[in-house]
Amino acid sequence: MEYVFDVFFDECFENMARSGLMSRSGRRDIISHLNSVISGCIQGRQTASTQLAVGLAVTSAIDYHNRMKGDNYAVCLMGKYHNVLYIALRVAWDWGLEDSEIVCKLLEEIFRCENTFERLFLGALFGCNAPHFIAGWKSDFNDQDENLRAVVFFLHHAAKARATFPTFSYLYQHSRPTKFIDVPIESCGKASPLRVALQASAPDIVLILLRHGANPCPDDGGASPVLALLDKLAESENGCYPYQLVSCLKLLLRTSTMVELPYKPHLFAVRREMFHGKYGRLLDDGLLPVEQVYGIPALRHLCRCAVREVLRENFALPGSVLKLPLPRKMQKYIDLLD
């Protein structure tokens with residue numbers, strides 16, 4: 001079957017214009033043809049044969065990209081030669097490819113050329129039409145819901161393969177391994193997907209990202225996400241707080257042990273007074289738990305944060321939560337669902 005897919009890409013791309021895959025319709029035509037070839041290669045209805053055919057199709061697309069790149073002194077030719085990776089990305093999603101090694105190899109190829117995964121994340125964050133205005137291309141998914149489900153699919157594989165990608169760390173001032181879920185989005189000021197979701201006031205997406213192990217305080221050079229939300233809420237008049245912002249704040253606080261007071265290097269007493277002067281109304285209105293600012297958080301909350309941090313560091317969120325020998329109610333609490 002390897003030969004079949006190699007011939008497909010060689011013949012299909014040989015006479016195609018370099019910009020032939022720039023349009024979404026052009027990519028969908030190739031995806032449709034490739035899916036037909038995969039269907040023809042599948043013998044019977046055994047899951048193993050289906051997975052083998054899809055895995056070979058995706059691998060062949062990666063190999064084609066590498067051959068073209070190798071012929072150009074290891075520099076990606078972009079255009080159709082790079083968009084072949086997004087053909088493979090969509091095919092892997094369409095068929096539910098289960099081989100995490102192949103999926104992560106595909107993600108690595110995309111990252112080597114782009115240093116970001118914004119073409120996958122932007123449609124999930126803003127809807128499938130938004131990427132056209134932000135980055136000049138259209139999402140390969142039908143709608144935001146499908147794009148979001150595709151993101152979860154790739155998050156699962158990246159975690160299973162413990163995949164990391166080198167990105168610049170503002171904390172260490174040099175490149176560091178970064179999880180797929182935390183790789184910055186170039187066209188959004190190099191902010192992490194979680195920070196972009198918070199800025200967009202999208203609590204549903206924030207919950208998905210946090211459950212799958214997004215760093216609640218991403219190392220992308222931005223301010224504390226909690227303080228950024230507090231600043232937005234403090235601007236609300238007459239106590240009319242936007243529901244979406246409040247929901248984002250509550251979710252974020254579930255993953256934070258304490259709210260670190262700003263205004264360093266002032267003494268704690270001075271910082272506390274300055275903090276209360278700016279955000280006191282939020283404390284009085286119950287949007288911000290006093291114990292997470294000045295006091296001692298509940299033991300159950302501290303335990304949840306500690307357990308989640310261990311699981312997050314080991315690429316085990318959210319799947320391993322259900323494996324914990326705990327009552328279902330406690331599992332839901334740790335999984336941010338309660």
*Are Glu2 and Leu56 side-chain neighbours, meaning at least one heavy-atom pair lies under 4.5 Å?*
yes
*Does Glu273 CD have over 12 foreign heavy atoms under 6.0 Å away?*
no
*Consider only side-chain heavy atoms of I, L, V, M, F, W and Y, link residues closer than 4.5 Å, and tell whether Leu245 and Phe126 are in one cluster.*
yes
*Nearest heavy-atom neighbours spanning Ile205 and Ala124*: CD1-O, 3.1 Å
*Relative to the ring of Phe9, is the ring of Phe13 parallel (under 30°), tilted (30 to 60°) or perpendicular (over 60°)?*
tilted
*Taking only residues two or more places apart in sequence or in another chain, which ones pass side-chain hydrogen bond (donor to acceptor under 3.5 Å, both in side chains) with Glu309?*
Arg312
*Just by modelled atom types, is the Leu171 backbone N or O under 3.5 Å from a matching donor or acceptor in the Asp219 side chain?*
yes
*Smallest separation among heavy atoms of Ser23 and Gly26, with atom names*: OG-N, 3.1 Å
*Given Phe168 and Arg176, is the side chain to side chain contact (heavy atoms under 4.5 Å, CB included) satisfied, shown in steps?*
CA-CA 6 Å; Phe168 182 77; Arg176 298 265 295 179; over 6 Å; no
*Would you find more than 12 non-hydrogen atoms of other residues, nucleotides or ligands less than 6.0 Å from Glu101 atom CD?*
no
*asked:* Would a single hydrophobic cluster contain both Leu210 and Phe153, if residues Ile, Leu, Val, Met, Phe, Trp and Tyr are joined by side-chain heavy-atom contacts under 4.5 Å?
replied: yes
*Are any side-chain N or O atoms of Glu109 and backbone N or O atoms of Leu106, one a donor and one an acceptor, separated by less than 3.5 Å?*
no
*Test side chain to side chain contact (heavy atoms under 4.5 Å, CB included) on Leu194 and Asn215 and set out the steps.*
CA-CA 8 Å; Leu194 176 64; Asn215 189 340; over 6 Å; no
*Between Asp220 and Gly222, is there a donor-acceptor pair closer than 3.5 Å when you use the side chain of the first and the backbone of the second?*
yes
*Can you check whether Tyr243 and Tyr241 have ring centres sitting under 6.0 Å from each other?*
no
*What pair of heavy atoms forms the shortest contact from Lys190 to Pro184, and how long is it?*
O-CB, 3.2 Å
*asked:* Rounded to the nearest 0.5 Å, what separates atom OG1 in Thr167 from atom CG in Asn115?
replied: 9.5 Å
*Got Leu122 and Ser139 here, is their nearest side-chain heavy-atom distance under 4.5 Å?*
no
*With a 3.5 Å cut-off and no angle check, do the side chains of Asn66 and Arg112 form a donor-acceptor pair?*
no
_Tell me whether Glu260 at atom CD has more than 12 heavy atoms from other residues, nucleotides or ligands lying less than 6.0 Å away._
no
*Does the pair Ile110 and Tyr86 meet the rule for a side chain to side chain contact (heavy atoms under 4.5 Å, CB included), with working shown?*
CA-CA 8 Å; Ile110 292 173; Tyr86 286 95; 3.4 Å; yes
*salt bridge (charged side-chain N to carboxylate O under 4.0 Å, His left out) between Arg90 and Asp94, worked out*: CA-CA 6 Å; Arg90 177 70 206 212; Asp94 282 342; 2.8 Å; yes
*asked:* Main chain of Cys128, side chain of Gln144: is a donor-acceptor contact present, judged purely on distance under 3.5 Å?
replied: no
*Does the separation of the ring centres of Phe180 and Phe154 fall below 6.0 angstrom?*
no
*Ser201 side chain to Cys248 main-chain N or O, any donor-acceptor pair under 3.5 Å?*
no
_Any donor-acceptor pair under 3.5 Å from Arg271 side chain to Leu261 backbone_ = yes
*If you measure from CZ on Arg162 to OG on Ser100, what distance do you get to the nearest 0.5 Å?*
12.5 Å
*Verdict with supporting geometry, Arg149 and Asp145, salt bridge (charged side-chain N to carboxylate O under 4.0 Å, His left out)*: CA-CA 6 Å; Arg149 285 187 286 116; Asp145 179 67; 3.2 Å; yes
*Quick one: does Lys250's side chain get under 4.5 Å of Leu287's, heavy atoms only?*
no
_Is it the case that the side chain of Ser19 and the backbone of Met22 share a donor-acceptor pair, with hydrogens and angles ignored and the cut-off at 3.5 Å?_
no
_Donor-acceptor side-chain pairing of Asn35 and Trp95 below 3.5 angstrom_ = yes
*Donor-acceptor pair, side chain of Ser256 and main chain of Arg254, under 3.5 angstrom*: no
_Common cluster, Tyr3/Val54, ILVMFWY with side-chain heavy-atom separation under 4.5 Å_ = no
*Looking at Tyr333, does the NZ or CZ of Arg304 lie under 6.0 angstrom from its six-membered ring centre and within 45 degrees of the ring axis?*
yes
*Evaluate the salt bridge (charged side-chain N to carboxylate O under 4.0 Å, His left out) criterion for residues Asp140 and Arg24: first the C-alpha distance (whole Å), next the side-chain angles of each, then the deciding distance (0.1 Å), finally the verdict.*
CA-CA 6 Å; Asp140 289 306; Arg24 180 165 54 187; over 6 Å; no
_Are Met274 and Leu233 linked, directly or through intermediate hydrophobic residues, by side-chain heavy-atom contacts shorter than 4.5 Å (ILVMFWY only)?_
yes
*Check whether NZ of the Lys or CZ of the Arg Lys160 lies under 6.0 Å from the centre of the six-membered ring of Phe315 and within 45 degrees of that ring's axis.*
no
*Assess Arg272 against Tyr294: is NZ or CZ under 6.0 Å from the centre of the six-membered ring, and within 45 degrees of the ring's axis?*
yes
_Lys69 atom NZ: more than 12 heavy-atom contacts under 6.0 Å_ = yes
*Would you name the heavy atoms of Val183 and Thr178 that are closest together and state the gap between them?*
N-CG2, 3.9 Å
*asked:* Using only atom types and a distance under 3.5 Å, with no angle test, would you say the side chain of Gln51 pairs donor to acceptor with the backbone of Glu98?
replied: yes
*Between the side chains of Asp182 and Ser192, does any donor sit under 3.5 Å from an acceptor?*
no
_Parallel, tilted or perpendicular, judged at 30° and 60°: which one describes the rings of Tyr172 and His174?_
tilted
_Quick one: does any side-chain atom of His33 pair with a main-chain N or O of Arg28 as donor and acceptor, under 3.5 Å?_
no
*Answer yes if the side chains of Asn83 and Arg119 hold a donor-acceptor pair under 3.5 Å, and no otherwise.*
yes
*Got Met258 and Pro297 here, is their nearest side-chain heavy-atom distance under 4.5 Å?*
yes
*Answer yes or no: does atom CZ of Arg300 have more than 12 heavy-atom neighbours from other residues, nucleotides or ligands under 6.0 Å?*
no
*Would you say Leu324 and Val307 make side-chain contact, with heavy atoms under 4.5 Å?*
yes
*Determine whether the side chains of Tyr64 and Asp6 contain a donor N or O and an acceptor N or O closer than 3.5 Å.*
no
*Decide yes or no on side chain to side chain contact (heavy atoms under 4.5 Å, CB included) for Arg27 and Ile87, but give the supporting numbers first.*
CA-CA 7 Å; Arg27 294 193 297 274; Ile87 301 296; 3.8 Å; yes
*Is the closest side-chain heavy-atom distance between Leu120 and Phe141 below 4.5 Å?*
yes
*Phe111 vs Phe165 aromatic rings, parallel, tilted or perpendicular, using cut-offs 30° and 60°?*
tilted
*Using only heavy-atom distances, determine whether the side chains of His82 and Glu114 contain a donor-acceptor pair under 3.5 Å.*
yes
*Determine, using ring centers only, whether Tyr263 and Phe275 are less than 6.0 Å apart.*
no
*Would you mind checking if Lys329 and Asp338 are paired as a salt bridge, meaning a charged N to carboxylate O distance below 4.0 Å?*
no
*Looking at Ala191 and Arg195, what are the two nearest heavy atoms and their distance?*
CB-CD, 3.9 Å
_Taking Leu302 as the starting point, is it possible to reach Leu253 by hopping between hydrophobic residues whose side chains are less than 4.5 Å apart?_
no
